[in-house]
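Each remark here refers to the structure printed beneath this line.
Reminder, nothing fancy here: chain letters follow the sequence lines and each chain counts from 1. Values below: all heavy atoms of this structure, side chains included; hydrogens, waters and symmetry mates excluded.
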Number of protein chains: 2
Amino acid sequence: MKSNEPAPVAPRNKVTIHDIAEKLNITASTVSRALNDNPRISDVTKKAVLKAAKQLNYQPNNIAAALRNGKSYIIGIIIPTADRSFFASVVRGIEEIANKLNYKVIISQSYDNYDKEVQTVDALLSARVDGIIASIGKNTENFDHFKRPQEKGIPLVLFDRTTDDLEVSQVMIDDYLGAYKVVEHLIQQGCRRIAHFTSPKKVSIFKERLRGYLDALRDHEIPFDESLVIKSNLQLEDGRESMKQLLKLEQRPDAVFSASDYGAMGAMQVAKEQGLKVPQDIALAGFGNEPFTSFSDPALTTVDQFSLTMGRITAELFFENFKQSGDNKLVPQKTVLKPELIIRGSSLKGTGPKK
Amino acid sequence: MKSNEPAPVAPRNKVTIHDIAEKLNITASTVSRALNDNPRISDVTKKAVLKAAKQLNYQPNNIAAALRNGKSYIIGIIIPTADRSFFASVVRGIEEIANKLNYKVIISQSYDNYDKEVQTVDALLSARVDGIIASIGKNTENFDHFKRPQEKGIPLVLFDRTTDDLEVSQVMIDDYLGAYKVVEHLIQQGCRRIAHFTSPKKVSIFKERLRGYLDALRDHEIPFDESLVIKSNLQLEDGRESMKQLLKLEQRPDAVFSASDYGAMGAMQVAKEQGLKVPQDIALAGFGNEPFTSFSDPALTTVDQFSLTMGRITAELFFENFKQSGDNKLVPQKTVLKPELIIRGSSLKGTGPKK
DNA sequence: CCTTTAAGGGCAACCGATTGCATTTCTCAC
DNA sequence: GTGAGAAATGCAATCGGTTGCCCTTAAAGG
């Protein structure tokens with residue numbers, strides 16, 4: 001039946017404020033104001049508009065509003081990868097705050113790839129986000145692409161993997177302190193030859209962790225042995241290689257502090273494969289408190305970074321700057337969170353005092 | 001010096017095609033066409049426009065284009081959480097394909113929360129995404145909110161956690177087959193009392209895994225014992241609890257197949273704590289091939305879901321439907337991928353034939 | 001009864017890019 | 001020299017809301 005209809009064009013759901021206006025015999029401006037709860041519109045009209053909107057199944061076109069307002073109510077997040085509990089949690093924290101303020105969030109991943117990171121910045125900019133929150137990729141050494149948002153008046157805030165080469169607000173944890181605590185703990189457990197896995201990259205977090213390691217050794221009058229510091233990409237496989245390298249040394253280390261949990265996990269695998277007992281023969285500690293660190297046997301001592309909190313704080317800082325933006329040139333703020341040492345089986349020899 | 005400048009208004013970088021047009025003494029339409037490489041524009045003009053655009057640091061306003069075209073070139077992804085290697089990888093696969101086609105991707109997380117999921121759908125819709133790719137939250141039992149995109153002509157494709165209550169294309173893996181293979185493998189290893197951790201939720205993936213478990217038992221003439229099937233939320237802690245429950249049984253199981261890797265990991269912890277040897281005393285297997293499954297000791301037997309591939313295929317399916325959308329009502333397609341059994345130490349007793 | 005004023009809306013420009021339909025300019029052929 | 005046609009642009013409407021400013025109406029004040 002009715003096989004000759006005027007073409008079943010997809011019901012292009014084109015309900016606009018004009019349709020509502022027409023239905024009520026008023027103008028679009030009134031509808032717009034009514035929907036935005038503008039005091040110039042009477043309650044009667046507002047109710048009528050709301051009702052009609054519901055009836056027609058009206059869906060506001062934010063793109064039009066964004067065009068007119070110059071605001072999209074979207075903020076872009078750039079992270080190396082979402083596939084890391086740390087970053088995922090930070091995003092969650094940011095989202096929490098942003099949603100409260102009616103902002104949506106676009107997540108994009110740079111995969112620690114410099115080119116992709118540059119592209120991503122441009123992509124977000126061209127998507128007209130209202131601001132960007134980012135954590136810099138491992139391989140990034142030139143930060144010019146992060147200057148572009150600011151040139152355009154798009155606020156930028158960095159977290160965790162930051163740089164001082166840019167004049168932006170940043171939120172990070174005290175990597176130095178975290179590392180210092182780990183090493184001090186290992187020393188208290190009786191370790192004297194403590195190895196360290198670090199990264200060759202120009203990322204401040206790794207430099208800080210190395211610095212914490214060095215200072216802790218120094219403060220406890222333990223001589224520094226360069227052969228115990230191994231640079232790698234800090235992934236599982238790198239940890240394995242690094243550990244193998246360490247075990248070839250004449251004087252084996254009695255502990256390893258890896259600047260990443262993955263590296264520590266690789267070290268644990270190799271240690272066990274070689275018949276070494278953890279922590280008796282060799283104590284291990286990582287950094288980051290990735291969930292899997294509690295799954296291993298023994299569970300891994302590590303440093304918690306309060307990722308959720310970091311996300312929240314980053315977002316709050318962002319929105320603070322955000323309001324300001326325009327008149328007073330906001331002074332970039334640097335927020336540093338205190339990390340927490342999580343002591344688990346991989347470093348607990350039970351000899352030293354459990355501090 | 002120069003302390004009395006005309007107010008250092010933020011350089012509102014308002015370069016539009018009109019500015020370019022003015023500079024070159026042509027019109028905006030010509031500039032637009034030149035930028036879009038329209039054949040009606042001469043090469044000379046095109047080059048001039050490109051040059052001027054660069055000089056002025058022109059940045060196209062996609063919002064304006066989106067408004068005009070009715071396309072945002074953004075597709076929304078809804079996942080329960082990005083903090084799971086599986087979902088993160090799928091997203092990566094989707095992104096890969098989408099970026100090739102010049103689409104950007106918005107990720108939003110439902111956190112397995114029904115209300116948040118509903119909100120998210122609306123948020124994406126009002127952000128005017130061109131399409132939605134989603135994986136349904138665990139607690140979702142009503143799917144009406146997923147009908148809205150379709151009503152508006154916004155294509156929707158589901159992956160992994162799907163439902164047949166909706167007429168949409170979906171991509172999933174053969175959970176039944178994966179589970180069947182796992183259980184068959186355990187049987188071949190000599191296990192006879194095989195427990196199963198499943199979820200009480202109405203999510204098809206868990207039902208399918210259960211079905212695979214049951215059928216494998218039946219096909220190998222192993223009697224089904226209801227007390228060996230334990231329902232929980234399948235997280236680490238749940239796995240621990242479930243395992244404790246199992247160990248209280250008069251007839252302990254000699255194997256556990258958990259529908260999630262987390263559950264299996266919890267079981268392993270408890271087993272080891274109770275002095276049981278894995279896999280000698282009890283074999284274990286999970287599902288999902290989360291990265292941490294290779295970190296445990298022994299490493300966990302599990303099922304790989306080809307998440308990256310799933311993402312790519314989902315995106316391809318999406319864009320296929322996408323083109324069609326409008327005229328011919330696209331017939332929803334269902335793509336089922338074959339999973340792969342990953343055999344590791346937690347189930348290898350070395351007795352049965354390594355098939 | 002006339003004026004003032006506030007309330008409630010309407011008008012129309014605007015945001016920036018896109019595009020169907022002219023219009024202008026050349027080139028070529030007759 | 002003139003008309004046909006192609007080539008290269010210009011004009012103006014459009015996408016859907018938003019907003020400054022103007023207009024109408026009616027209650028309030030004198």
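Counting only distance, with no hydrogens or angles, the side chain of A/Thr120 and the backbone of A/Lys116 share a donor-acceptor pair below 3.5 Å. A/Asp130 contributes a side-chain N or O that, together with a main-chain N or O of A/Tyr73, makes up a donor-acceptor pair within less than 3.5 Å.
Rounded to whole angstrom, the span from the NZ atom of A/Lys14 across to the P atom of D/dG16 amounts to 5 Å. Taking atom CG of B/Leu67 as the reference point, atom C1' of D/dG17 lies 9 Å away to the nearest angstrom. Residue B/Arg68 contributes atom CZ, which lies 8 Å from atom C1' of D/dA13 at whole-angstrom precision. Rounded to a whole Å, the CD1 atom of A/Ile41 is 5 Å from the P atom of C/dG9. The interatomic distance linking A/Ile17 (CD1) with C/dG9 (P) rounds to 15 Å, in whole Å. For A/Asn36 and D/dG20, the CG to P distance is 13 Å, given to the nearest whole Å. Counting to the nearest Å, the P atom of D/dC15 and the CG atom of B/Asn61 are 18 Å from each other. One can place CD1 of A/Ile26 at 14 Å from P of D/dT18, the figure rounded to the nearest angstrom.
OP1 or OP2 of D/dG10 sits under 4.0 Å from a side-chain N or O of B/Thr27. OP1 and OP2 of D/dA8 both lie 4.0 Å or more from every side-chain N or O belonging to B/Asn38. One finds a side-chain N or O of B/Ser32 lying less than 4.0 angstrom from the OP1 or OP2 phosphate oxygen of C/dT18. OP1 or OP2 of C/dG9 lies within a sub-4.0 Å distance of a side-chain N or O belonging to A/Ser42.
B/Thr27 and B/Thr30 are linked by a side-chain donor-acceptor pair at a separation below 3.5 angstrom, with hydrogens and angles left out of the test.
B/Thr16 comes within 4.0 angstrom of sugar-phosphate atoms only, judged by non-hydrogen atoms across all strands, and of no base. As judged by a 4.0 angstrom heavy-atom cut-off over every strand, B/Asn62 is placed among residues making no nucleic acid contact.
Aromatic ring orientation, A/Tyr114 versus A/His145: perpendicular (interplanar angle above 60°, classes split at 30° and 60°).
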Point to revise | Step-by-step side-chain contact (heavy atoms from CB on, under 4.5 Å) determination, A/Ile75 to A/Val105 | key: CA-CA 5 Å; A/Ile75 68 183; A/Val105 151; 3.8 Å; yes

**Study point:** Residues B/Val171, B/Leu158; criterion side-chain contact (heavy atoms from CB on, under 4.5 Å); working and verdict
**Key:** CA-CA 6 Å; B/Val171 179; B/Leu158 297 177; over 6 Å; no

**Study point:** From CA spacing to verdict: side-chain contact (heavy atoms from CB on, under 4.5 Å), A/Gln59, B/Arg128
**Key:** CA-CA 10 Å; A/Gln59 206 68 23; B/Arg128 296 282 156 150; 4.1 Å; yes

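Surrounding CD of A/Glu96 are more than 12 heavy atoms belonging to other residues, nucleotides or ligands, all under 6.0 Å away.
Comparing B/Pro39 and B/Ser29 by the nucleotide of DNA chain D whose heavy atom lies nearest to each, the residue mapping closer to the 5' end is B/Pro39.
Note on A/Asp19 versus A/Lys14: no salt bridge recorded, every NZ/NE/NH1/NH2 to OD/OE distance being 4.0 Å or above.
Sequence neighbours left out, the pairs with a member in residues 154-163 of chain A that pass salt bridge (charged side-chain N to carboxylate O under 4.0 Å, His left out) are A/Asp112-A/Arg161.
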Distances for protein N/O vs nucleotides 21-26 of chain C N/O pairs under 3.5 angstrom?
| unit_1 | atom_1 | unit_2 | atom_2 | d |
| --- | --- | --- | --- | --- |
| C/dC21 | N4 | B/Arg40 | NH1 | 3.0 |

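A rotation axis mapping the C1' atoms of four pairs onto the next four is fitted at both ends of the helix from C/dC1-D/dG30 to C/dC30-D/dG1 over five pairs, and the angle between these axes is 60° to 10 degrees.
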